[in-house]
Structures are given as structure tokens and as C-alpha cells.
Amino acid sequence: MKILLDSSVPVVSGNSVWKKQIEGINLTGTEETVCVLDTGVDFDHPDLVGKNLTCIIDCISKDCAEDCSMGDWHEHGTHVSGIIASHDEIYSGISPGTNLIGVSVLNSTGGGSDISVAKGID
């Protein structure tokens, strides 16, 4: 098995809305922001550079404080972020114009608590 972004977008028909417009605006996520509550996000990944609006919000080892040295504990949050907002010449995410805020609510094994998730949502 292998995970591929080129499979994710067509499965949910994400690419079918990219050319649609509402009041002259394409539905690509431009000027929208998505918070990714997961293991963090590696904003140094080439397909996510420039997508972050803030440093990672760390709800695992800090009390939901910004941590500019933090990346992704497990790489799952980076994968999810790519499905949402990746933009490169070959593969684009569901909403390639979207900005991201990474919120680390899961640890390096992918585990977490209801409390850390609730704090991340707050």
C-alpha cells in the first residue's frame, strides 16, 4: 500500500470545484484558514512553505502556546495538511489556496487526550 495525494483529491471530487466561481471568486480556499489539530505540521515541507499563519500551537508539552521551533511529532499532521492545502506543479490539495494553523494535540505516537484536543479547539 502507498498513500498518494493524487488519489485523495479525486476521491472527494475536490478538483471539481476549483474552476467554479461564486461572485467571481474561485473555490480554492484563497483567503481562508484551516486549523489542523493533529501531531503538528512541518511547514518546511516544500508543498506547505508559506502556508502557516503562525508558529505551531503546542497543546501537548505547553499549555497551547506558540512554539516556533516545533514541527510535526509524527508527520501525520503534515500529511493531513497536504491533503488540505498542498500546492505544487503535480499535486494540489483539496483547497490549495488555504492558509494553515498547526495545533499539536497528539504526541509522537499519535496519541492524545480529550483534554488536549479540547484545549486545541479552544
Side-chain angles (χ1 to χ4, degrees):
M1 297 191 119
K2 189 172 181 180
I3 53 175
L4 296 170
L5 184 57
D6 62 335
S7 299
S8 302
V9 174
V11 164
V12 298
S13 300
N15 51 346
S16 68
V17 300
W18 292 341
K19 294 181 182 176
K20 292 184 181 181
Q21 293 188 348
I22 294 177
E23 297 179 13
I25 299 172
N26 284 68
L27 303 178
T28 60
T30 301
E31 296 184 21
E32 297 297 331
T33 302
V34 172
C35 294
V36 179
L37 280 73
D38 208 297
T39 57
V41 179
D42 177 4
F43 286 114
D44 290 331
H45 189 285
D47 297 336
L48 298 176
V49 169
K51 295 286 184 177
N52 58 316
L53 291 184
T54 183
C55 299
I56 302 294
I57 308 299
D58 182 359
C59 296
I60 294 291
S61 51
K62 296 184 178 179
D63 194 21
C64 293
E66 284 187 89
D67 185 343
C68 295
S69 66
M70 185 174 193
D72 188 344
W73 298 93
H74 189 271
E75 298 301 318
H76 188 268
T78 302
H79 177 75
V80 170
S81 297
I83 291 171
I84 297 167
S86 162
H87 186 49
D88 70 13
E89 293 179 19
I90 300 172
Y91 303 119
S92 286
I94 304 296
S95 187
T98 299
N99 292 309
L100 300 168
I101 296 175
V103 184
S104 179
V105 297
L106 302 172
N107 63 25
S108 61
T109 64
S113 68
D114 292 344
I115 293 170
S116 64
V117 173
K119 286 180 180 180
I121 291 170
D122 287 344

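Among all heavy-atom pairs drawn from Phe43 and Ile56, the shortest one is CE1-CD1, 3.7 Å. Contact between Gly77 and Asp38 at its shortest, heavy atoms only, is N-OD1, 3.3 Å. Between Thr98 and Ala85, the shortest heavy-atom distance links the atoms O-CB, 3.6 Å. Nearest heavy atom pair, residue Pro96 against residue His87, reads CB-ND1, 3.8 Å. Listed here is the closest heavy atom pair of Asp88 and Ile90: OD1-N, 2.9 Å.
Cluster partners of Val103, using a side-chain heavy-atom cutoff of under 4.5 Å among ILVMFWY residues and allowing indirect links, are Leu37, Leu53, Ile57, Ile101, Val105, Leu106, Val117, Ile121. Taking a 4.5 Å side-chain heavy-atom cut-off between Ile, Leu, Val, Met, Phe, Trp and Tyr, the cluster of Val49 contains only that residue.
Remark: Asp58 pairs with Ser61 by the side-chain hydrogen bond (donor to acceptor under 3.5 Å, both in side chains) rule, at least two apart or across chains. Judged as a side-chain hydrogen bond (donor to acceptor under 3.5 Å, both in side chains), and not counting sequence neighbours, the contacts of Asp72 are Thr39, Thr78. Every residue two or more places apart in sequence or in another chain that forms a salt bridge (Lys or Arg N to Asp or Glu O under 4.0 Å) with Asp63 is listed here: Lys119. Residues passing the side-chain hydrogen bond (donor to acceptor under 3.5 Å, both in side chains) test with Ser69 are Asp67, sequence neighbours excluded. Take His45 and apply the side-chain hydrogen bond (donor to acceptor under 3.5 Å, both in side chains) test, not counting sequence neighbours, and it matches no residue.
For residues 97-107, no pair satisfies salt bridge (Lys or Arg N to Asp or Glu O under 4.0 Å), with sequence neighbours left out. Applying the disulfide (SG to SG under 2.5 Å) definition to pairs two or more places apart or across chains, none involves residues 76-117. Listed by first and then second residue, the disulfide (SG to SG under 2.5 Å) pairs that reach into residues 61-122 are Cys55-Cys68, Cys59-Cys64, sequence neighbours excluded. Under the salt bridge (Lys or Arg N to Asp or Glu O under 4.0 Å) criterion, no residue pair touches residues 96-117, with sequence neighbours excluded.
For the pair Leu100/Ile84, a side-chain contact is recorded, criterion being any heavy-atom separation below 4.5 Å from C-beta on. In this structure the side chain of Ser81 never reaches within 4.5 angstrom of the side chain of Lys51, judged on heavy atoms. Using a 4.5 Å heavy-atom threshold, the side chains of Asp47 and Tyr91 count as separate.
Once rounded to the nearest 0.5 Å, the distance linking CG of Asn107 with OG1 of Thr109 reads 3.5 Å. Between Ser86 atom OG and His79 atom NE2 the span is 10.5 Å, to the nearest 0.5 Å.
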Show every donor-acceptor pair shorter than 3.5 Å between a side-chain atom in residues 27-34 and any protein atom, with sequence neighbours excluded, or say none if there are none.
{"residue": "Thr28", "atom": "OG1", "partner": "Thr30", "partner atom": "OG1", "Å": "3.0"}

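Cluster membership check: Ile60 does not share its hydrophobic cluster with Ile115, using side-chain heavy-atom separations under 4.5 Å among Ile, Leu, Val, Met, Phe, Trp and Tyr.
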